[in-house]
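Okay, structure first, notes after.
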Amino acid sequence: MTTTDSAGAAPSQGGERPLGTEDALREHFDATIARDQRIEPRDWMPEGYRKTLVRQIAQHAHSEIIGMQPEGEWITKAPSLRRKAILFAKVQDEAGHGLYLYSAAETLGADRADLTRRLIEGRQKYSSIFNYPTESFADVGVIGWFVDGAAICNQVPLCRSSYGPYARAMVRICKEESFHQRQGYELLLTMMRGTEAQRAMVQDAVDRWWWPSLMMFGPPDDASPNSAQSMAWKIKRHSNDELRQRFVDMTVPQADKLGVTLPDPELRWNEQRGRHDFGTPDWAELKRVITGDGPCNDQRMERRRTAHEEGAWVREAATAHAARRSERARKGTAA
Ligand SMILES: [Fe+2]
Ligand SMILES: [Fe+2]
C-alpha cells in the first residue's frame, strides 16, 4: 500500500474543514488522482468510481476465464507435443489472469461468487471476441497475435491505472500476454514456412479474426458514454479509438513480415498523420455479439455454467477444509 506517501498532509487546503467530512475526503481523492498517485482499498472513493471499477474488473476477469474456451478446444488436437505444452501453458495463464482480477475486484468489496453468478445469469458481460469459433489450428496462432496483441494495447496503459490493486495485477498479466502474443506469431511464422495449405489456413484465420479483433476495443469514442468519466478518473488512459489505432499501427508491419494480407481495402499509410487509415468495423455486428447473438455465445455460457456446476463439490470440500482448519487453530490457541 503505497498510495499516499504524502498522506500525512491534510487533504484540504487551509485545513478549516474537519477531516473525515465527505467534502474533505472527496478533495483528497481528487488530489490523489491529480498527482497521479494510487487509490488503495482503504482509501475513500466515490461510489461511482468503485462501481465502475468493479464492473470493468469483473468484465475483464470473466473475459480471461471465458477466453480459455476457444483455444482450450485445441489442446487435445494440437499437432505436436510441443504445441500442446505451449497451448496448455497459455490457457492456464488465462485462468491465472482471471484469478488475479477477481482478487482485485474483491478488494473493492465485491464477492467473487456473486460476480460468477452475475456472469452465469447473463447480468455481466465478457469480451465480444470470445464468441467467435476457432475453426483450425491457425486460429490459435492468430488469436495469440491479434487477440493477445489487442489485450496488450489495452492493458499496458492499465498498469498506470489509478486503482492500485488493478494496476499491479496488470503488470504481471501484461508480461504473460506478451509471451502469448509471441507464441502465436511464432506459430504463424512456422506455418507460413510450411505448405501451401498451411499458408492458406493462416490467411483464412487472419480474414476471420481481423475485424472482430478491432471491435475488441469497444464502440467508437462518440458512442462510448462511460469513457470520458473513466479517463477523468484515470482508470482508463486512452480512448477506444486511440487504442484501436495503436493496434493497427503495431500490427500492419507484422502482417507484412508474415506475408499475409489484412482484409481491409481501405488500409493504407497516411503520411500526414504518420499513422494508418483503416476501414470501419461493422458496429451492428459488435452490438449483436455483445447482446448475446454472436456465433458462440450460447455455447460459451453453457460450458461456463456446466463447469461451475461440476465444480460445486470442489468449492464445498474447500470450504469444509477451511472451516476445519480454523476450528483446529482455534482449539490450538485455546489449549
Ligand atoms: Fe489473459
Ligand atoms: Fe493471453
Side-chain angles (χ1 to χ4, degrees), residues 53 55-75 78 82-106 112 115-116 119 124-134 137-161 163 165-189 205-206 208-210 212-218 235-236 243-244 246-247 250-251 254 296 300 303-304 307:
L53 272 168
R55 193 182 56 228
Q56 179 174 333
I57 298 174
Q59 188 169 319
H60 192 164
H62 299 330
S63 303
E64 301 284 355
I65 300 296
I66 297 278
M68 296 168 72
Q69 291 186 33
E71 289 181 282
E73 287 175 23
W74 284 91
I75 291 175
R82 177 169 175 265
R83 292 293 170 195
K84 193 193 286 279
I86 295 170
L87 184 55
F88 217 146
K90 194 225 168 187
V91 172
Q92 220 163 14
D93 282 352
E94 306 300 4
H97 297 175
L99 297 186
Y100 307 152
L101 289 162
Y102 284 125
S103 300
E106 286 187 319
R112 187 174 149 191
L115 298 179
T116 303
L119 169 69
Q124 279 182 342
K125 304 214 177 300
Y126 56 91
S127 175
S128 56
I129 194 75
F130 301 118
N131 292 309
Y132 291 85
T134 39
F137 200 70
D139 288 34
V140 169
V142 171
I143 288 176
W145 178 29
F146 285 172
V147 177
D148 292 278
I152 292 168
C153 283
N154 249 327
Q155 293 171 9
V156 166
L158 291 177
C159 298
R160 294 189 297 118
S161 172
Y163 187 58
Y166 190 32
R168 287 189 290 275
M170 292 322 301
V171 172
R172 175 152 178 193
I173 290 178
C174 283
K175 286 184 181 157
E176 293 178 349
E177 298 301 4
S178 161
F179 153 70
H180 297 170
Q181 190 193 25
R182 282 162 203 217
Q183 68 80 33
Y185 196 70
E186 189 268 344
L187 167 59
L188 298 177
L189 279 172
V206 165
R208 284 182 289 108
W209 287 92
W210 175 249
S213 299
L214 291 191
M215 292 176 201
M216 274 179 77
F217 295 93
I235 295 173
K236 250 180 107 155
L243 292 167
R244 196 169 2 254
R246 287 181 182 200
F247 174 73
M250 175 181 88
T251 309
Q254 295 169 344
C296 299
R300 302 295 184 233
R303 189 165 300 171
R304 183 70 195 86

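Numbers here are sequence positions counted from 1. Indexing begins at 1, ligand by ligand and atom by atom, following the structure's order.
- Around the Fe ion (ligand 1), the protein N, O or S atoms closer than 2.8 Å are Glu64 OE1, Glu94 OE1, His97 ND1, Glu177 OE2, listed by chain and residue number.
- For the pair Val147/Ser213, a side-chain contact is recorded, criterion being any heavy-atom separation below 4.5 Å from C-beta on.
- From Lys125, atom NZ reaches atom CZ of Arg55 across 11.0 Å, with rounding to the nearest 0.5 Å.
- Counting heavy atoms from C-beta on, the side chains of Trp209 and Ile129 come closer than 4.5 Å.
- Under the 3.5 Å distance criterion, with hydrogens and angles disregarded, no donor-acceptor pair is assigned to the side chains of Glu64 and Tyr100.
- In this model, no donor atom of one side chain and acceptor atom of the other lie less than 3.5 Å apart for His180 and Gln183.
- Phe217 and Phe247 have tilted rings, their planes meeting at an angle from 30° to 60° on a 0 to 90° scale.
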